[in-house]
**Q** 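Starting off with a structure, shown below.
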Amino acid sequence: MFEDLKGKFIVVTGASSGIGWYSVEELCAVGAQVTAIGRNEEKLVELSTKTGCDIISTDLSTESGIDVVNNKLGQVDGLVNCAGLALLEPCINVTGESFDQHLAINARATALMSKIVAQRMIKQGRGGSIVNVSSQASLASLVDHLSYSASKGAMDAMTRVMCAELGPHNIRVNSVNPTVTMTPMAKVGWSDPVKANSMLNRIPLNRFAEPLEVVHPIMFLLGRYSSMISGIALPIDGGFTAG
């Protein structure tokens with residue numbers, strides 16, 4: 001199904017772990033030319049050795065980190081904004097520092113990465129696709145997720161604005177909004193049955209997502225089979241937000 005991505009130049013942020021890592025693996029497997037961006041250089045080298053992707057190690061929460069990417073990127077046909085942060089705290093204990101950190105990584109980095117990629121896409125003149133990896137937390141209430149939810153809500157709002165502004169250049173912009181996704185880190189974080197059941201009880205399918213159940217919709221939105229889809233926030237949540 002994803003043969004149309006062969007030879008396409010795709011950038012993936014947050015690639016040193018989680019959904020970003022799996023996205024790079026799957027995109028490389030179908031022949032895309034992938035640039036993987038992350039902060040953990042050691043893990044990026046491991047990923048490059050495994051898949052053959054190009055890598056850029058930098059901190060996207062800073063404008064200087066964005067400049068590093070801007071100076072190294074070439075052609076781009078697609079962008080997956082997957083760099084993210086989740087520091088959980090009750091709303092009565094929220095700190096300005098953690099709130100700003102969430103916005104810097106989840107929202108501002110998405111805006112600035114999208115800017116430099118869209119500029120290239122417009123110059124290239126062949127359109128493109130941007131996929132923002134958001135969360136079910138932007139669509140429904142989750143306890144202890146105030147800062148995280150705010151940053152992901154901002155991401156979805158930016159998706160709609162970019163859809164409107166970039167559409168005339170044949171650049172599509174969409175969000176995917178997954179539930180808990182069972183990456184290695186999530187398996188540790190959700191190993192407590194009490195914690196897990198409190199979430200599973202709100203998911204009609206009664207299970208969490210597997211990584212490829214998120215990655216494959218991302219790849220669909222990057223490719224030609226979704227050529228008339230732009231501006232959506234796509235829940236990948238087993239029905240969590242339908243309730």
Side-chain angles (χ1 to χ4, degrees), residues 2-15 19-20 23-24 26-28 30-38 53-84 103-134 151-177 215 217-234:
F2 303 117
E3 70 280 354
D4 58 308
L5 296 176
K6 183 177 181 179
K8 297 293 185 181
F9 295 91
I10 310 294
V11 177
V12 180
T13 72
I19 293 170
S23 295
V24 172
E26 289 295 292
L27 286 164
C28 287
V30 299
Q33 303 296 308
V34 181
T35 298
I37 301 173
C53 68
D54 296 324
I55 62 173
I56 300 175
S57 178
T58 191
D59 182 357
L60 297 180
S61 69
T62 67
E63 292 203 42
S64 61
I66 298 291
D67 289 340
V68 169
V69 177
N70 198 24
N71 291 332
K72 292 185 177 182
L73 274 189
Q75 300 183 65
V76 187
D77 297 302
L79 167 64
V80 182
N81 280 310
C82 200
L103 289 179
I105 296 176
N106 297 350
R108 189 176 68 191
T110 293
L112 297 180
M113 277 299 305
S114 298
K115 177 188 74 172
I116 65 175
V117 164
Q119 288 172 343
R120 283 166 169 78
M121 290 176 173
I122 292 170
K123 185 175 181 179
Q124 291 163 186
R126 59 175 183 262
S129 176
I130 297 172
V131 181
N132 296 325
V133 180
S134 182
S151 66
K152 293 299 187 177
M155 181 181 280
D156 287 351
M158 290 189 297
T159 292
R160 294 188 290 271
V161 173
M162 288 190 286
C163 163
E165 292 189 15
L166 300 177
H169 301 283
N170 195 31
I171 300 171
R172 298 180 298 105
V173 187
N174 293 289
S175 292
V176 294
N177 300 63
V215 172
I218 290 171
M219 294 171 70
F220 167 72
L221 290 172
L222 287 171
R224 64 182 175 88
Y225 295 106
S226 60
S227 57
M228 195 57 182
I229 299 175
S230 192
I232 68 166
L234 177 64

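Computed from a predicted structure; not experimentally measured.
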**Q** How close do Cys82 and Thr13 get, heavy atom to heavy atom, and via which atoms?
**A**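 Shortest heavy-atom separation between Cys82 and Thr13 comes out as N-OG1, 2.8 Å.
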**Q** Once side-chain contact (heavy atoms from CB on, under 4.5 Å) is applied, do any residues pair with Ile66, and if so which ones, sequence neighbours excluded?
**A** Leu60, Leu112, Met113, Ile116
**Q** For the residue pair Val12 and Gly20, what are the closest heavy atoms and their distance?
**A**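 Closest pair (atom of Val12, atom of Gly20, distance): CG1-O, 3.7 Å.
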**Q** Under 3.5 Å, side chain of Ser230 to main-chain N/O of Val173, donor-acceptor pair present?
**A**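 Indeed, once roles are kept as given, a pair shorter than 3.5 Å links the two residues.
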**Q** Could you tell me which non-hydrogen atom of Leu222 sits nearest to which non-hydrogen atom of Gly78, and how far apart they are?
**A** CD2-CA, 4.1 Å
**Q** Contact between Gln33 and Asp54 at the side-chain level, heavy atoms closer than 4.5 Å - yes or no?
**A**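 With C-beta onward as the side chain, the pair stays apart.
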**Q** So which heavy atom on Val24 is nearest to which on Ala15, and how close?
**A** CG2-CB, 3.8 Å
**Q** Could you tell me the separation between the CG atom of Leu166 and the NZ atom of Lys115, rounded to the nearest 0.5 Å?
**A**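 Result: 13.0 Å between the selected atoms.
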**Q** Using the test side chain to side chain donor-acceptor pair (under 3.5 Å), find all partners of Ser61 that sit at least two apart in sequence or belong to another chain.
**A**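 Only Asp59 meet the side chain to side chain donor-acceptor pair (under 3.5 Å) criterion with Ser61.
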**Q** If you look at every heavy atom in Val69 and Ile56, which pair is closest and at what distance?
**A**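 The pair with the smallest heavy-atom distance is CG2-CG2, 4.2 Å.
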**Q** Heavy-atom distance under 4.5 Å between the side chains of Ile171 and Ser129, does that happen here?
**A** no
**Q** What's the separation between atom CG in Asp67 and atom OG1 in Thr58, rounded to the nearest 0.5 Å?
**A**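 Reported to 0.5 Å precision, the distance equals 9.0 Å.
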**Q** Is it the case that more than 12 heavy atoms not belonging to Glu63 sit under 6.0 Å from its CD atom?
**A** no
**Q** Only one of Leu221, Val133, Val34 passes side chain to side chain contact (heavy atoms under 4.5 Å, CB included) with Val80; say which it is.
**A**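 It is Val133; the other options fail the test.
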**Q** CE/Met162 to CE/Met155 distance, rounded to the nearest 0.5 angstrom?
**A** 8.5 Å
**Q** Answer whether the closest heavy-atom distance between the side chains of Ile55 and Ile37 falls below 4.5 Å.
**A**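 The answer is no; the side chains never approach within 4.5 Å.
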**Q** Name all residues meeting the ring pair (Phe, Tyr, Trp, His ring centres under 6.0 Å) criterion together with Phe220; count only those two or more places apart in sequence or in a different chain, and write none if there are none.
**A**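 Checked Phe220 against ring pair (Phe, Tyr, Trp, His ring centres under 6.0 Å); zero matches.
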**Q** Please check if the side chain of Asn174 supplies one atom and the backbone of Ile229 the other of a donor-acceptor pair under 3.5 Å.
**A**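 Pair found, side chain donor or acceptor close to backbone of Ile229.
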**Q** With Val76, which of Thr35, Ile10, Val117 fulfils side chain to side chain contact (heavy atoms under 4.5 Å, CB included)?
**A**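 Among Thr35, Ile10, Val117, the one that satisfies the side chain to side chain contact (heavy atoms under 4.5 Å, CB included) with Val76 is Val117.
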**Q** To the closest 0.5 Å, what do you measure between CZ (Phe9) and CD (Gln124)?
**A** 8.5 Å
**Q** Can you list every side chain to side chain donor-acceptor pair (under 3.5 Å) pair that touches residues 68-78, not counting sequence neighbours?
**A** Asn70-Arg120, Gln75-Arg126, Asp77-Arg126
**Q** Could you measure the distance from the CG atom of Leu79 to the CD1 atom of Ile130? Nearest 0.5 Å is fine.
**A**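 The CD1 atom of Ile130 is 5.5 Å from CG of Leu79, to the nearest 0.5 Å.
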**Q** I need the full list of side chain to side chain donor-acceptor pair (under 3.5 Å) pairs touching residues 219-229, with sequence neighbours left out, sorted by first then second residue.
**A** Glu3-Tyr225, Arg172-Ser226
**Q** Of all residues at least two apart in sequence or in a different chain, which pass the side chain to side chain donor-acceptor pair (under 3.5 Å) check with Ser134?
**A**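 Result, side chain to side chain donor-acceptor pair (under 3.5 Å) vs Ser134: Asp156, Asn177.
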**Q** Rounded to the nearest 0.5 Å, how far apart are NZ of Lys123 and CE of Met121?
**A**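 If we round to the nearest 0.5 Å, Lys123:NZ and Met121:CE are 15.0 Å apart.
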**Q** Please determine, by modelled atom types, if Asn81 and Ser114 share a side-chain donor-acceptor pair under 3.5 angstrom.
**A**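 Yes, side-chain donor-acceptor contact under 3.5 Å.
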**Q** Can you give me the closest heavy-atom contact between Asn106 and Thr110, atom names plus distance?
**A** O-OG1, 3.0 Å
